[in-house]
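Reading through the structure tokens given below for one structure.
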Amino acid sequence: VMHLGCLEPIVKHMNIIDNATGNFYYHMASTVSSAEQATEIYLEAARYYERALSSNPNDWETLLNSAECWYKVLVYQVSGGKSISSVVLD
């Protein structure tokens, strides 16, 4: 006879929640006029995308969104705080 009390349930984290939260921050960052503030919000979005990728690393949409956030953060850092839309990387 097996006792169910000895079983430990494993709850898998649902990456859809982190992905949706990342999408929320990503779209919120695109509406902010301050490049510095937008960058902070893109960083927050990227963190949520990274969490989503930890449970589903092959999700192409989340990979793309994460890369786009990190790209925008990099552009801001390289530009020295200029508007993201005015920067051209060579």
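Positions are given from 1, in the same order as the sequence printed here.
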Next on the checklist: Rounded at 0.5 Å granularity, tell me how far CD1 in Ile17 sits from CZ in Arg51.
Outcome noted: 9.5 Å
Next on the checklist: Less than 4.5 Å apart, side chain to side chain, heavy atoms only: is that true for Tyr26 and Glu68?
Outcome noted: yes
Item to check | Shortest non-hydrogen separation from Ala52 to Thr62 and the atoms involved | outcome: CB-CG2, 3.9 Å
Checklist entry - Roughly how far, to the nearest 0.5 Å, is CG of Asp18 from OG of Ser55? => result 7.0 Å
Next on the checklist: What I'd like to find out is whether the side chain of Trp70 reaches to under 4.5 Å of the side chain of Glu50, using heavy atoms alone.
Outcome noted: yes
Checklist entry - What's the spacing between Lys72 NZ and Ser30 OG if we round to 0.5 Å? => result 7.5 Å
Next on the checklist: To the nearest 0.5 Å, what is the distance between OH on Tyr42 and CD on Gln37?
Outcome noted: 12.0 Å
Next on the checklist: If you define the side chain from C-beta out and look only at heavy atoms, does anything of Val75 sit under 4.5 Å from Tyr71?
Outcome noted: yes
Item to check | Under 3.5 Å side-chain donor-acceptor pair for Tyr49 and Asn23 | outcome: yes
Next on the checklist: Ignoring hydrogens, what is the shortest heavy-atom contact between Ala45 and Gly22? Give both atom names and the distance.
Outcome noted: CB-O, 3.5 Å
Checklist entry - Any ion pair linking Arg47 and Glu44 (charged N to carboxylate O, less than 4.0 Å)? => result yes
Checklist entry - Do you know the tightest heavy-atom contact between Ile41 and Tyr25? => result CG2-O, 3.1 Å
Item to check | Members besides Leu53 in its Ile/Leu/Val/Met/Phe/Trp/Tyr cluster (side-chain heavy atoms under 4.5 Å) | outcome: Leu63
Next on the checklist: Atom CG of residue position Leu64 - does it have more than 12 heavy atoms of other residues, nucleotides or ligands inside 6.0 Å?
Outcome noted: yes
